[in-house]
Peer 1: 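This is the structure I have questions about; it appears just below.
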Amino acid sequence: MFTMALDEVMEMAARRGFFWQGFRDVYSDAPAGLWVYGPLGVKMKNKVIELWREKIVRREEGVELDSTCISPGSVFEASGHTKHFNDKLVECLKCHRRHRADMLLEEQAGLTGLEGLSEEELYKLIVEKMVKCPYCGSSEFSEVRRFNLMFEMRIGATGKDIAYLRPETTQSSVVEIRRLQQIARNKLPLVICQVGKAFRNEISPRHGLIRTREFNMAEVQIFFDPEYPDYDNKFESVRKYRLRFLPAYAREAGEVVEMTCEEALEEGYTINKLVTYWLALYQKLMTEDYGFPLEKVRYYELNEHERAHYARAHWDLQIYSEDLGWVEVVNNAYRTDHDVIGHSRLSGRELKLYSEKRKQSIVPHMYEPSIGIDRLILHLLLLNYRREGERVVEKLPRRLAPIDVAVFPLVNKPELIKAASEIYGTLLEDFEAFYDESGSIGRRYRRMDEIGTPVCVTVDYQTLEDKTVTLRDRDTMAQVRVHVDELKTAIKRFIAGEPLEKLGTPMG
RNA sequence: GCGGCCGUCGUCUAGCCUGGUCUAGGACAUCGGCCUCCCGAGCCGGUGACCCGGGUUCGAAUCCCGGCGGCCGCACCA
């Protein structure tokens, strides 16, 4: 399924230092699904997260939390993950389809109450009851294997206390809601934001950064009063905004159904103003800020059978590429009060939030948009990758490029090197700047094009005469001259989106 | 996890069938130098690989087995 562009992007990412498969250079038996970010990848990842903070956390007045990856076992008892993550499976040896052992026994032998049985006991029953594969009819099965998508670990010396590496940051937000609401002085809706690692023991990690065993998420949990979601004003700002859905009913046709937020809400499709607003917010984030073309973004509705155990409504925000097709990049789930109730029940602690409107504490509902950072970064590199003849350009949104600006002496003469180095030193104060004097000027430009550096500064002989330098636009290769004193301002304006021509006098 | 195909410098590859002239060759990239007044130019030089382990053999990149990884399909993706 790897086509040219993805292949080239993956190769470039490893060669230039965005990301690569971890540990493999030294240990050939390193397991799949563990990816490391290199120097450029770290810079880009930070910028991707910072943009999310600016557009979502800050503007929606979110409170940011940084919890631990190691989580006590009870947390996932309460959330239902241990139950839903611990399937005991058998594989049909003839057609290689997998089935849940308890389901087969229930359906074919009428047995119930199988939850407590061990793998061995289940296998014995399958043989005894002559269970058949529902697909091919064979009655030869592999032994029962426990399939656990969570990484399990033991805490302390006794090894008695089970803990898990979290498969989502969500639960660590949910258990802290009371304190967080207090810190936020009884704010409701309460918007909790968390960036962090999550872990899933995938059976077969594939497609590079798409399915990994350890990954980065940027999640928002909005806790609200289901009776009074309280989003009237915010909703007004998106009332006429057009959302792009692939509703479950339209899936056969495969045609995106566009509707305004107003229409989506009136049809009851998007449940309430709060959910509708956040759907609009994230569609805008992905298209206007991360820069994906509108036609390559859609909300794919998951039907009743596909949804997770906690969700009442669920749309995957997907991004389209030739190479990977539609891929989920943001998971948007209306989780109701499922998680809050779960933790209350198991812990015996009341997990309620105070509602000013009702003058009492209420059990909040929760809506959660959750970004897969690694998938987002891969798609940014993939969809902005351009090969123009021999020239390779990453046309990343300017503010997401790992390097803001590069500085070169036109040729390697001592006086030009001196002037360029000085300018580089100044730019380092405000930018991710990069200096290079190797090879020819053309080669240096091309290297910067490949990693998406939006603008290059070149110091030439004229610089020595009148203190002007040239600014070169990655996308057009056009150049303007700018006075050194104006340089920082010009670069800032350029990264903020102004066209190059407005920043200086064109070069012939 | 199952099945098919595959695994040589960073990348693409020569060599493998027919074991020894392979201290593994080339191109591009990369690094250093020279040159260069604006787009991977040229010249010189350098770093750099047989996925890992075991077996057969006097001798293994080459033959055999196992592991790991990659691609594709199935399954999985709460």
Side-chain angles (χ1 to χ4, degrees), chain A residues 1-3 6-8 10-17 20-21 23-34 76 79-87 89-100 135 142-143 145 147-150 167-168 170 200-208 210-213 302 305-311 314 316 327-328 331 333 335 338 372 388-393 408-413 416 437-450 456-464 469-474 476-479 481 507-508:
Chain A
M1 199 167 165
F2 264 35
T3 63
L6 182 57
D7 244 351
E8 288 178 20
M10 296 299 287
E11 188 273 316
M12 183 279 286
R15 177 164 42 82
R16 294 294 189 192
W20 58 86
Q21 209 188 337
F23 310 102
R24 290 286 302 175
D25 290 347
V26 172
Y27 293 103
S28 68
D29 60 349
L34 304 175
F76 296 106
S79 67
H81 282 81
T82 47
K83 188 169 173 224
H84 293 272
F85 256 24
N86 269 304
D87 290 343
L89 300 180
V90 286
E91 184 172 318
C92 168
L93 293 178
K94 200 171 157 201
C95 71
H96 299 299
R97 281 176 219 273
R98 299 169 141 249
H99 311 281
R100 275 176 57 181
Y135 287 90
S142 70
E143 58 196 45
R145 276 188 290 254
F147 180 63
N148 189 349
L149 218 49
M150 284 197 292
E168 57 179 17
T170 317
R200 295 179 195 182
N201 197 1
E202 297 283 354
I203 315 173
S204 73
R206 269 182 200 181
H207 298 313
I210 297 294
R211 282 179 78 195
T212 58
R213 292 192 163 122
L302 274 68
H305 303 292
E306 296 161 329
R307 289 199 294 264
H309 60 276
Y310 50 67
H314 186 156
D316 283 345
V327 173
E328 171 202 355
N331 184 300
R335 301 173 68 136
H338 175 274
E388 298 169 354
E390 283 296 291
R391 181 169 176 257
V392 168
V393 197
F408 312 131
L410 181 59
V411 291
N412 290 344
K413 296 293 177 197
L416 292 186
E437 60 181 55
S438 79
S440 65
I441 188 74
R443 177 175 295 230
R444 300 178 210 150
Y445 286 146
R446 292 302 161 80
R447 274 199 284 251
M448 289 300 103
D449 290 339
E450 190 178 24
C456 296
V457 172
T458 302
V459 171
D460 55 19
Y461 285 102
Q462 197 179 325
T463 310
L464 303 178
V469 294
T470 69
L471 277 186
R472 175 220 187 235
D473 182 346
R474 171 196 71 196
T476 62
M477 295 194 279
Q479 285 179 291
R481 293 204 78 92
M507 264 192 26

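Both backbone and side-chain heavy atoms feed into the values below; hydrogens, waters and symmetry mates do not. Just so it is clear: chains get the letters A, B, ... in the order the sequence lines come, proteins before strands, and each one is counted from 1.
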Peer 1: Rounded to the Å, how far apart are A:I210 CD1 and B:rC76 P?
Peer 2: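 Computing the A:I210:CD1 to B:rC76:P distance gives 20 Å.
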Peer 1: Using Watson-Crick or G-U wobble geometry with both distances below 3.5 Å, tell me the partner of B:rC22, or none.
Peer 2: none
Peer 1: Can you spot which of A:R391, A:R444, A:R443 makes a salt bridge (charged side-chain N to carboxylate O under 4.0 Å, His left out) with A:D449?
Peer 2: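 When salt bridge (charged side-chain N to carboxylate O under 4.0 Å, His left out) is applied between A:D449 and each of A:R391, A:R444, A:R443, only A:R391 qualifies.
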Peer 1: Using a 4.0 Å heavy-atom cut-off across all strands, classify A:E390 as base, sugar-phosphate, or nothing.
Peer 2: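 It contacts base atoms.
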Peer 1: May I ask which nucleotide in the shown strands pairs with B:rC39, Watson-Crick or G-U wobble, both distances under 3.5 Å?
Peer 2: none
Peer 1: Taking atom C1' in both B:rG48 and B:rC31, what distance in whole Å separates the two?
Peer 2: 11 Å
Peer 1: Can you tell me the pairing partner of B:rA75 across any strand shown, Watson-Crick or G-U wobble, with both distances under 3.5 angstrom?
Peer 2: none
Peer 1: So which protein nitrogen or oxygen atoms get under 3.5 Å of nucleotides 52-55 of chain B's nitrogens or oxygens?
Peer 2:
residue, atom, partner, partner atom, Å
B:rC52, O4', A:S28, OG, 2.8

Peer 1: Report which part of the nucleic acid A:E168 touches: base, sugar-phosphate, or nothing (heavy-atom distance under 4.0 Å, all strands).
Peer 2: base
Peer 1: Classify the nucleic acid contact of A:A14 as base, sugar-phosphate or nothing, counting any heavy atom under 4.0 Å across all strands shown.
Peer 2: nothing
Peer 1: Search all heavy atoms of A:R211 against all heavy atoms of A:S204 and return the closest pair with its distance.
Peer 2: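 Taking every non-hydrogen atom into account, NH1-O, 3.8 Å.
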Peer 1: Give me the distance, rounded to whole Å, that separates B:rU62 from B:rC22 when you measure between the C1' atoms they each carry.
Peer 2: 11 Å
Peer 1: Decide yes or no, distance alone: a donor-acceptor N/O pair under 3.5 angstrom between the base of B:rC68 and the side-chain of A:Y27.
Peer 2: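 Per atom types, no contact qualifies.
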Peer 1: Report which part of the nucleic acid A:R472 touches: base, sugar-phosphate, or nothing (heavy-atom distance under 4.0 Å, all strands).
Peer 2: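 It contacts base atoms.
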Peer 1: Consider the side chain of A:P167, meaning its heavy atoms from C-beta on, and name the nucleotide among B:rG40, B:rC71, B:rA78 that approaches it most closely.
Peer 2: B:rA78
Peer 1: Rounded to the Å, how far apart are A:M12 CE and B:rU11 P?
Peer 2: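 Roughly 15 Å, once rounded to whole Å.
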Peer 1: Nearest heavy atom decides the nucleotide; on that basis, is A:Y461 or A:R391 closer to the 5' end of RNA chain B?
Peer 2: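 Mapping each residue to its closest nucleotide by heavy atoms, the 5'-most match is A:Y461.
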Peer 1: Any chance you could lay out the side-chain contact (heavy atoms from CB on, under 4.5 Å) test for A:N331 and A:D316, step after step, and finish with the verdict?
Peer 2: CA-CA 5 Å; A:N331 184 300; A:D316 283 345; 4.1 Å; yes
Peer 1: Quick check: do A:M12 and A:V392 have side-chain heavy atoms less than 4.5 Å from each other?
Peer 2: no
Peer 1: Would you kindly give the CG-to-P distance between A:D449 and B:rC38, to the nearest whole Å?
Peer 2: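 These atoms are roughly 17 Å apart.
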Peer 1: Over how many whole Å does the gap from A:F23 atom CZ to B:rC68 atom P extend?
Peer 2: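 About 18 Å, once rounded to whole Å.
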Peer 1: Would you measure the distance from the P atom in B:rU21 across to the matching atom in B:rC72 and give it in whole Å?
Peer 2: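 Each nucleotide's P atom is 38 Å from the other's.
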Peer 1: Expressed in angstrom and rounded to an integer, what is the separation of A:R211 atom CZ from B:rC76 atom C1'?
Peer 2: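 Whole-Å distance recorded here is 6 Å.
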Peer 1: Determine the Euclidean distance between corresponding P atoms of B:rC64 and B:rG70; express it in Å to zero decimal places.
Peer 2: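 So the two P atoms sit 24 Å from each other.
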Peer 1: Can you find a heavy atom in the side chain of A:R474 that is under 4.5 Å from one in the side chain of A:V393?
Peer 2: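 Yes, their side chains come closer than 4.5 Å.
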Peer 1: Are the side chains of A:F408 and A:R472 in touch, meaning some heavy atoms are under 4.5 Å apart?
Peer 2: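 They are not in contact (no side-chain heavy atoms under 4.5 Å apart), so the answer is no.
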Peer 1: On RNA chain B, nearest-nucleotide positions of A:P205 versus A:N331: which is more 5'?
Peer 2: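 Its nucleotide being nearer the 5' end, the pick is A:P205.
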Peer 1: Answer whether the closest heavy-atom distance between the side chains of A:R15 and A:E450 falls below 4.5 Å.
Peer 2: yes
Peer 1: Tell which nucleotide pairs with B:rC63, taking only Watson-Crick or G-U wobble pairs whose two distances are both under 3.5 angstrom.
Peer 2: B:rG55
Peer 1: Taking CG from A:L149 and P from B:rG1, how many angstroms apart are they, rounded to a whole number?
Peer 2: 14 Å
Peer 1: Could you measure between the two P atoms, the one in B:rG46 and the one in B:rC65, and give it in whole Å?
Peer 2: 41 Å
Peer 1: When the distance from CG of A:D7 to C1' of B:rC6 is rounded to whole Å, what number comes out?
Peer 2: 14 Å
Peer 1: Under a 3.5 Å cut-off for both contacts, is B:rG69 paired Watson-Crick or G-U wobble with anything, and if yes, with which nucleotide?
Peer 2: B:rC6
Peer 1: Looking at B:rG40, B:rG10, B:rC38, which one has an atom nearest to any side-chain atom of A:E11?
Peer 2: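 The listed nucleotide nearest to A:E11's side chain is B:rG10.
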Peer 1: Can you tell me, in whole Å, how much space there is between the P of B:rA29 and that of B:rC43?
Peer 2: 11 Å
Peer 1: Check the distance between B:rC76's P and A:H207's NE2 and give it to me in whole angstrom.
Peer 2: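 Between P of B:rC76 and NE2 of A:H207: 16 Å.
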Peer 1: Produce a footprint string for nucleotides 29-36 of chain B: one letter per nucleotide, 5' end first; B if the base is under 4.0 Å from any protein heavy atom, S if only the sugar-phosphate is, - if neither.
Peer 2: SSSS---B
Peer 1: Does B:rU47 have a Watson-Crick or wobble partner in any strand here, with both distances under 3.5 angstrom, and which is it?
Peer 2: none
Peer 1: Using every non-hydrogen atom in the two residues, find where A:E202 and A:R213 come nearest and quote the distance to one decimal.
Peer 2: O-NH2, 2.8 Å
Peer 1: Is it the case that the base of B:rC38 and the side chain of A:Q479 share a donor-acceptor contact (distance under 3.5 Å, atom types as modelled)?
Peer 2: yes
Peer 1: Taking the minimum atom-to-atom distance to the side chain of A:P31, which one of B:rC38, B:rG1, B:rG69 wins?
Peer 2: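 Of B:rC38, B:rG1, B:rG69, B:rG69 is nearest to the side chain of A:P31.
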Peer 1: Using the C1' atom as the point on both nucleotides, what is the distance between B:rC76 and B:rG1, in whole Å?
Peer 2: 9 Å
Peer 1: Can you tell which of B:rA78, B:rG40, B:rG1 lies closest to the side chain of A:R206?
Peer 2: B:rG1
Peer 1: Can you confirm whether A:L416 sits close enough to A:T463 that some side-chain heavy atom of one is under 4.5 Å from a side-chain heavy atom of the other?
Peer 2: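 Of all side-chain heavy-atom pairs linking A:T463 with A:L416, none is under 4.5 Å.
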Peer 1: Run the side-chain contact (heavy atoms from CB on, under 4.5 Å) test on A:V327 and A:H207 for me, step by step, so that the C-alpha distance in whole Å, both residues' side-chain angles and the decisive distance to 0.1 Å come before the verdict.
Peer 2: CA-CA 11 Å; A:V327 173; A:H207 298 313; over 6 Å; no
Peer 1: Can you name the side-chain contact (heavy atoms from CB on, under 4.5 Å) partners of A:R307, sequence neighbours left out?
Peer 2: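 Checked A:R307 against side-chain contact (heavy atoms from CB on, under 4.5 Å); matches are A:L302, A:E304, A:A311, A:H314.
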Peer 1: Do any side-chain nitrogens or oxygens of A:Q21 fall under 4.0 Å of OP1 or OP2 in B:rG70?
Peer 2: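 So the side-chain polar atoms of A:Q21 do come within 4.0 Å of the phosphate oxygens OP1 or OP2 of B:rG70, strictly under.
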Peer 1: Distance from A:R481 atom CZ to A:Q462 atom CD, nearest 0.5 Å?
Peer 2: 3.5 Å
